[in-house]
Amino acid sequence: MNDPTTQNHAGGSEMLEAARREKLRKIQAMGIDPWGGRFDGHAAIAEIRAREKEIVVEPTGDCATGHPPEQHGPKVRAAGRIVLQRKAGKLIFIDVRDWTGQIQLFIGRNQVGERNWELAGLLDLGDLIGVDGELRHTKTGELTIFVEQLHFLAKAIDTPPAKHKGLQDPELRQRRRYLDLIHTEGSLERALHRTAIVRSVRDTLASERFVEVEGPTLHAIAGGAAARPFTTHHNALDIDLHLRIALELHLKRLLVGGIERVFELGRVYRNEGIDARHNPEFTMLEVYQAYGDYRTMMDLTEKIIIEAINATGQQYQLDWGGKTIDFTPPFARMTYAELFAEHTGVEADDETAIREAAARDGIEHRGKHIDVVKNLLFEQRVEGALCGPIFVYDYPASICPLTKRKADDPTVAERFELFVQGMELANAYTELNDPDLQEELFSRQLEGLPEEESMARMDRDFLRALRQGMPPAGGLGVGIDRLVMLLTGATTIREVILFPLLRPEVE
RNA sequence: GAGGCUGUAGCUCAGUCGGUAGAGCAACGGACUUUUAAUCCGUAGGUCUCGGGUUCGAGCCCCGACAGCCUCACCA
């Protein structure tokens, strides 16, 4: 049976699988279900490790004869995945891991009895097991569960990756995220950190009396942002629909409807390119507060981020891509015009100088509105240089059609963006609530931009809602994936999205 | 969409000048009752991503396709 010549045409993976299936068969032959079942009463491995101090050492040990002192520890029950196995004759050491930690098991032939020993011999890396045993130290001082009873919970038919190097291929890490979570250092922790951050954002908003709502994701008109939408079709109504590109226009309708502090934390979809900072579906937070303005939102943004950092148990100085980002509040605040002048050497109201500077940077500026040119220059020269966190506020009005202008300077919009490491993390406005001005701005396409990039698609019902009277309000958008990136040290968005979009695997 | 890099055993990676495909881990057989990436002896495992081409001969050179990564463009 084990004669290699009888298996000479089997491939490597087939041999590996055959060996595991043979063990599975033997487990079944022992009358044990290799797919396990309910396993009650086990403690998290981290909790078990915390019981180390309950181990008592009897003073009967005899150092002269080399016999270890007698130990008594608590009886514990654990469950987890086998990540390492060392066989030494009639002993097996196993390292088992759950989502809280890892611990060593000791299985001795004379200690567990023949049936457990037989089962132990059928264990493979990757199998899921449960154990009952006593928590003690080995000779070398390693905290260990000395197994008394072994429970088989599930078989791994496929071989896990190299036990120490784990998965290195970024493609495999994304396509088989389950393996990545098991075997890549920090992968599971990052996923759990993400949920802690999202929960913290919700808690912070709830503590400020904001209420969470769920708007539609299927839109007849995909508005609220400048992005190309995905298109789909509803059969019964026979209409084309778009997946939402923003949450904004429905939340504002709710503001009109009297939900004075409202937010939605949800997925939006943009049919754009994919890179380290962009995934076609991503998670957005949008918040609206009646009777507030963009400064209200600035304070709220800072609070949301600070609380999220606290929720992950980290300090305010965070490592990110080899650099340190200092989130110690208060964050820096500078106007668009100040930063523009500082980084370009050109005053923000000097049109001739701006066009000259744009030409020097190779930016095509002819026929474009001066604010568009200014913003191209800003994006090229300023944004990438902002380490942050820094609130950039008071933007040129013409590039912000949904924003209220300053009362004393209609060329300036009450808007801020929060930049960290050159990334736009948050974007907020004092919302425009004048329906006539809104309609005019919607209608008048932004000069120099093609139609599909502008917000020319008119949402008539949204304008009708504004005519009912929308309270003056502050509005905020936060890119949750980017926030998680910054707070978990991830330098690509694919690290914080469990299942990023990939081309389908070809067989 | 453009350019660059990468693709070899289940996993991680070597592969020189174009001359019969290599290692570690994992697996299989054996030894071992305190190991820590256990160790030791032995065995097996390959459509070199796919398809063409050049050549006496291609993992290696050329062309094309597919996938991933990076940079750029769009975008947040």
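Since the structure is predicted, the reported quantities are computational estimates derived from the model, not experimental observations. First the proteins, then the strands, lettered A, B, ... as listed; each starts at 1.
Taking atom P in both B:C69 and B:G59, one finds a spacing of 28 Å when rounded to whole Å. Taking atom C1' in both B:C11 and B:G1, the straight-line distance is 35 Å, to the nearest Å. Annotation: B:A76 and B:C60 have their P atoms spaced 44 Å apart (nearest Å). Taking atom P in both B:G15 and B:C61, one finds a spacing of 13 Å when rounded to whole Å. Between B:U39 and B:A14, the distance separating the two P atoms is 23 Å to the nearest Å. Across the C1' atoms, B:C72 and B:U20 are found 45 Å apart, a figure rounded to whole Å. With C1' as the reference atom, B:C17 and B:G4 are 26 Å apart, rounded to whole Å. The P atoms of B:A26 and B:G64 are separated by 43 Å, rounded to the nearest whole Å.
Here the nucleotide nearest the side chain of A:L16, chosen from B:C11, B:U35, B:A26, is B:A26. Candidate nucleotides B:G68, B:U35, B:A37 were compared by shortest atom distance to the side chain of A:E171, and B:G68 ranks first. Of the candidates B:C69, B:A26, B:C74, B:C74 carries the atom nearest the A:R228 side chain, counting heavy atoms from C-beta on. Of the candidate nucleotides B:G68, B:C74, B:U34, B:U34 has the atom lying nearest to any side-chain atom of A:F93. Here the nucleotide nearest the side chain of A:L84, chosen from B:A37, B:C11, B:U35, is B:A37. Side-chain proximity of A:F146 to the nucleotides B:U34, B:C28, B:A37 is greatest for B:U34. Closest contact between the side chain of A:F106 and the listed nucleotides B:A27, B:U34, B:A37 involves B:U34. If you check B:A44, B:A26, B:C13 against the side chain of A:M15, the one that comes closest is B:A44. Residue A:I493 has its side chain nearest to B:A76 when only B:G24, B:U34, B:A76 are considered. In this structure, of B:C11, B:A76, B:C69, it is B:C11 that holds the atom nearest to the side chain of A:A162.
Counting any heavy atom pair closer than 4.0 Å across all strands shown, A:G108 reaches no nucleic acid atom. Among the heavy atoms of the strands, none lies under 4.0 Å from A:L425. Within 4.0 Å of A:G477, counting heavy atoms only, lies no atom of the nucleic acid at all. A:Q104 comes within 4.0 angstrom of a base, heavy atoms only. Using a 4.0 Å heavy-atom cutoff across all strands shown, A:K90 reaches at least one base atom of the nucleic acid. Heavy atoms of A:T492 sit under 4.0 angstrom from primed sugar atoms or phosphate atoms, though from no base atom. Residue contacts for A:A88: at a heavy-atom cut-off of 4.0 Å it reaches a base atom on one of the strands shown. Here A:R277 lies in heavy-atom contact (under 4.0 Å) with a base. Among the protein residues, A:R173 comes within range of no part of the nucleic acid, since none of its heavy atoms lies under 4.0 Å from any strand. Within 4.0 Å (heavy atoms only), A:R503 reaches sugar-phosphate atoms of the nucleic acid but no base atom. Residue contacts shown for A:I92 are absent, as no nucleic acid heavy atom lies under 4.0 Å away.
In a base pair of the Watson-Crick type (N1 to N3 plus N6-O4 or O6-N4) or a G-U wobble (N1-O2 and O6-N3), with each distance short of 3.5 Å, B:C48 is matched with no nucleotide. Partner assigned to B:U43 is B:A27, using Watson-Crick or G-U wobble distances below 3.5 angstrom. Taking a pair to require two hydrogen-bonding distances under 3.5 Å in either a Watson-Crick or a G-U wobble arrangement, B:G1 pairs with B:C72. Applying the Watson-Crick and G-U wobble criteria (two distances, each under 3.5 Å), B:A37 pairs with nothing in any strand. Nucleotide B:G57 forms a pair with no other nucleotide shown, judged by Watson-Crick or G-U wobble geometry with both contacts under 3.5 Å. Nucleotide B:C66 forms a Watson-Crick or G-U wobble pair with B:G7, both donor-acceptor distances falling under 3.5 Å.
For the pair A:R277 and A:E424, the minimum side-chain heavy-atom distance is 4.5 Å or more. In this structure, A:F263 and A:V201 have side chains that are not in contact, with every pair of non-hydrogen atoms separated by 4.5 Å or more.
For the pair A:H164 NE2 and B:A26 P, the computed distance is 7 Å after rounding to whole Å.
Aromatic ring centroids of A:F106 and A:F93 lie under 6.0 Å apart.
Evaluation of A:F282 against the base of B:A76 yields a stacking contact (centre distance < 5.5 Å, interplanar angle < 30°).
In this structure, a donor-acceptor pair under 3.5 Å is present between the side chains of A:D394 and A:Y294. Side-chain contact check for A:R482 and A:Q421: no donor-acceptor pair (N or O, by modelled atom type) lies under 3.5 Å. A donor-acceptor contact under 3.5 angstrom links the side chains of A:R415 and A:N427, judged on distance only. A donor and an acceptor atom, one from each side chain of A:Y395 and A:N375, are nowhere located under 3.5 Å apart.
Between A:R109 and B:U34, a side-chain N or O to OP1/OP2 separation shorter than 4.0 Å is absent. The shortest distance between the side-chain N/O atoms of A:K163 and the OP1/OP2 oxygens of B:A37 is not below 4.0 Å.
Checked by distance alone, A:E142 brings no side-chain donor or acceptor within 3.5 Å of a matching partner on the base of B:U34. Put simply, the side chain of A:D169 and the base of B:C69 share no donor and acceptor less than 3.5 Å apart.
Pairing each heavy atom of A:R177 with each of A:P500, the nearest pair is NH2-CD, 3.8 Å.
Atoms CG and NE2, on A:L172 and A:H183 in that order, are 12.0 Å from each other to the nearest 0.5 Å.
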